[in-house]
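When a residue number appears, it is its place in the shown sequence, counting from 1. Atoms within each ligand, like the ligands themselves, are counted from 1 in listed order.
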Amino acid sequence: MSVQLLLASSSPRRKSILNLAQIDFVTYSPQLDEATLTKRLLAIYNDVCQSALGRIVTSELAFHKALTAARMTSAPLILASDTIVMCRGYILGKPNNAEIARIMFKLLLGETLNADEANIMQEAHACNEEECCSKFGQFHQVSTSVCLLISKDLLNKFNLSKQTIERIEALPDTYVEKDNYVRILFVEQAGVYMQANSPLFTRIIEDYIASGACFDKAGGYAVQEQTACLINKIDGDVYTIMGLPIHAILQKCGELMPFKQTEAQVNSQRTQTRISEIKPIVQPKAATVETNATPEHDNYRPIPVRTKSSVARFNSTLLQNLTSYNATQNEKQADKAHDKANETEGYQQAGPGLKSVEQTDFNKQSAKLAEPDLSLSKPINTNEQELVGALKSKLSSLKSSSSFSQRDLPQFLKHNK
Ligand SMILES: Cc1cn([C@H]2C[C@H](O)[C@@H](COP(=O)(O)OP(=O)(O)OP(=O)(O)O)O2)c(=O)[nH]c1=O
């Protein structure tokens with residue numbers, strides 16, 4: 001099915017992860033006031049643990065990003081995602097400035113905040129969570145929610161497995177936006193342990209903040225950049241931390257993902273197209289004519305081609321003509337003989353006698369020319385052919401008429417020379 005995925009995100013990481021998975025997509029950046037929405041959610045869910053908060057906040061934000069894109073574009077297949085870091089009861093989004101970024105690293109590395117720092121981070125303090133510091137370092141949790149909206153029309157075109165349909169139907173609030181879209185929403189979480197027990201790490205942090213790379217990352221760090229040096233242990237999928245849990249996406253709704261064609265597939269399609277472009281060679285039905293006629297040339301008449309059967313036809317016509325000519329010659333001779341006899345014995349009706357001579361010679365000639373010579377290829381002149389034919393028919397009509405006598409024949413031949 002040729003449908004493109006709309007990635008409702010401006011995150012370069014999400015784009016590169018989709019590219020990595022060879023998914024065919026275009027992007028749209030939904031405008032959403034994430035901070036206000038998060039504040040509202042924290043006010044409602046003020047008595048839940050940080051793990052649950054991570055799920056709630058990212059789910060709501062991912063869904064609203066996808067919904068905004070659906071309303072603005074009406075695209076049939078939309079993917080949106082949201083990532084936050086929860087550490088020691090604080091919800092860590094993107095740091096607004098270097099100072100906040102530095103405080104975030106203090107939290108992530110298990111350091112104690114002073115009063116001022118705690119004051120700055122007051123709004124982000126979402127719940128009272130026990131500090132989880134183990135031999136692996138300070139623990140924090142990264143939550144990434146994924147929301148896939150698929151139009152009902154498009155969903156009906158998929159040949160989904162029973163298992164997938166059941167899984168979709170079991171999801172809460174499956175149908176959204178006036179029932180036009182089916183919603184698939186899920187959260188992935190990963191645990192990260194960080195340690196910075198050497199001045200070397202302090203330098204890495206300062207360099208990273210100075211580069212400005214921290215400002216578009218939840219928690220102010222990136223697992224895929226130099227701050228990876230601070231990470232001692234990860235529980236979960238690294239792509240959940242980077243903002244798009246590709247393994248879970250493919251596992252849960254891979255059937256709905258449009259994949260890019262590999263070079264081999266594109267090449268094989270090209271070959272198929274080339275083969276289908278080749279017009280079939282139409283063999284002429286009879287071996288007698290070969291035609292270049294096209295529908296545009298209605299008056300086109302094919303050039304006759306001399307074949308074995310056409311030569312045979314020609315020879316049989318020639319045989320008839322020769323036979324007819326021979327008959328005429330015989331009649332001439334018979335008439336001469338008759339005239340001679342008449343001169344001596346007087347006039348006699350000789351019709352049956354002539355007929356008898358005629359038949360005998362016909363049979364002789366027929367026997368001689370029964371096997372037509374197929375090597376004959378020069379057609380008889382049309383005028384001669386017509387003349388012989390006309391003579392033959394006239395002669396036979398005269399012979400059958402009662403008024404015709406043998407004596408009339410020389411005159412007839414002279415007249416029709
Ligand atoms: C923790 C962490 C986050 N991040 C990034 C992923 C997300 O892009 C970003 C979290 O912010 P989000 O608000 O989830 O995403 P975004 O604003 O970058 O993009 P959009 O809302 O348009 O989809 O932090 C990393 O790249 N590496 C990391 O290790």
Side-chain angles (χ1 to χ4, degrees), residues 5-20 25-39 41 50 53-70 72-73 78-87 90-96 100-101 104-105 107-109 124 138-149 185 187-194 204-205 208-209 211-246 249:
L5 174 75
L6 183 87
L7 174 66
S9 173
S10 53
S11 163
R13 275 77 51 179
R14 294 191 176 119
K15 289 178 202 170
S16 65
I17 295 168
L18 282 188
N19 277 324
L20 183 109
F25 70 97
V26 287
T27 54
Y28 171 81
S29 304
Q31 300 305 309
L32 199 71
D33 186 355
E34 290 185 42
T36 309
L37 193 57
T38 308
K39 254 187 227 168
L41 288 168
Q50 73 174 18
L53 264 179
R55 303 179 81 87
I56 293 163
V57 173
T58 55
S59 298
E60 285 293 329
L61 288 174
F63 171 54
H64 279 91
K65 287 176 189 178
L67 198 60
T68 307
M72 299 306 287
T73 67
I78 300 164
L79 183 83
S81 192
D82 190 78
T83 303
I84 59 162
V85 171
M86 294 292 306
C87 182
Y90 287 89
I91 182 166
L92 306 181
K94 295 171 196 159
N96 293 336
I100 294 179
M104 284 186 178
F105 274 111
L107 284 167
L108 291 169
L109 293 167
Q138 173 63 49
F139 170 84
H140 70 261
Q141 194 171 45
V142 182
S143 304
T144 295
S145 282
V146 174
C147 179
L148 185 80
L149 292 184
L185 185 61
V187 190
E188 290 294 305
Q189 293 183 309
V192 183
Y193 297 84
M194 272 191 187
I204 288 170
I205 293 167
Y208 191 67
I209 294 170
S211 75
C214 61
F215 299 121
D216 69 340
K217 316 274 173 15
Y221 79 95
V223 68
Q224 72 276 18
E225 290 169 0
Q226 65 261 51
T227 42
C229 304
L230 304 168
I231 297 170
N232 191 28
K233 187 178 185 285
I234 292 172
D235 288 335
D237 179 3
V238 72
Y239 293 109
T240 299
I241 306 168
M242 273 177 70
L244 202 67
I246 193 65
I249 290 172

Any side-chain donor near an acceptor of the partner, Tyr193 and Gln138, under 3.5 Å = no
Would you mind telling me if ligand 1 is within reach of the side chain of Asp216, the backbone, both or neither, using heavy atoms under 4.0 Å?
-> backbone
Dump the intermediate steps for salt bridge (Lys or Arg N to Asp or Glu O under 4.0 Å) on Arg14 and Asp82, then the final yes or no.
-> CA-CA 10 Å; Arg14 294 191 176 119; Asp82 190 78; 5.5 Å; no
Sub-3.5 Å N/O-N/O distance, Ala218 and ligand 1 = yes
Note: ligand 1 atoms sitting under 4.0 Å from heavy atoms of Ala222 are 27 (N), 28 (C), 29 (O)
Are the side chain of Lys15 and the backbone N or O of Ser11 linked by a donor-acceptor pair below 3.5 Å?
-> no
Polar side-chain atom of Thr240 near backbone of Ala190 as donor-acceptor pair, under 3.5 Å = no
Would you tell me whether Gln189 and Ser143 have side-chain atoms, one donor and one acceptor, within less than 3.5 Å of each other?
-> yes
Considering heavy atoms of the protein only, find what lies nearest to atom 6 (C) of ligand 1 and give residue, atom and distance to 0.1 Å.
-> Met242 O, 3.3 Å
Atom 21 (O) of ligand 1: the protein heavy-atom neighbour that sits closest, reported with distance to 0.1 Å | Lys65 NZ, 2.6 Å
For atom 17 (O) of ligand 1, what is the nearest protein heavy atom, given as residue, atom name and distance?
-> Lys94 NZ, 2.2 Å
min-distance protein heavy atom vs atom 2 (C) of ligand 1 -> Ile241 O, 3.1 Å
So, does Lys94 use its side chain to make a donor-acceptor pair with the main chain of Gly220 at under 3.5 Å?
-> no
Heavy-atom nearest neighbour in the protein, as seen from atom 22 (O) of ligand 1, with distance rounded to 0.1 Å | Ser10 N, 2.8 Å
Is a side-chain N or O of Ser81 found less than 3.5 angstrom from the main chain of Ser145, in a donor-acceptor match?
-> yes
How far is atom 13 (O) of ligand 1 from its nearest protein heavy atom, and which residue and atom name does that atom have?
-> Glu34 OE1, 3.2 Å
Evaluate the side-chain proximity of Ile56 to Val187: yes if any heavy-atom separation is below 4.5 Å, no if none is.
-> no
Determine the sole option in Ile84, Asp33, Val57, Thr58 for which the side chain to side chain contact (heavy atoms under 4.5 Å, CB included) test with Thr38 is passed.
-> Val57
Side chain or backbone of Gln224 under 4.0 Å from ligand 1, or both, or neither, by non-hydrogen atoms?
-> side chain
Around atom 19 (O) of ligand 1, find the nearest protein heavy atom and jot down its residue, atom name and distance.
-> Arg14 NH1, 3.2 Å
Under 4.0 Å from a heavy atom of Val223: give me the atoms of ligand 1 that qualify, with their elements.
-> 27 (N), 28 (C), 29 (O)
Side chain or backbone of Arg13 under 4.0 Å from ligand 1, or both, or neither, by non-hydrogen atoms?
-> side chain
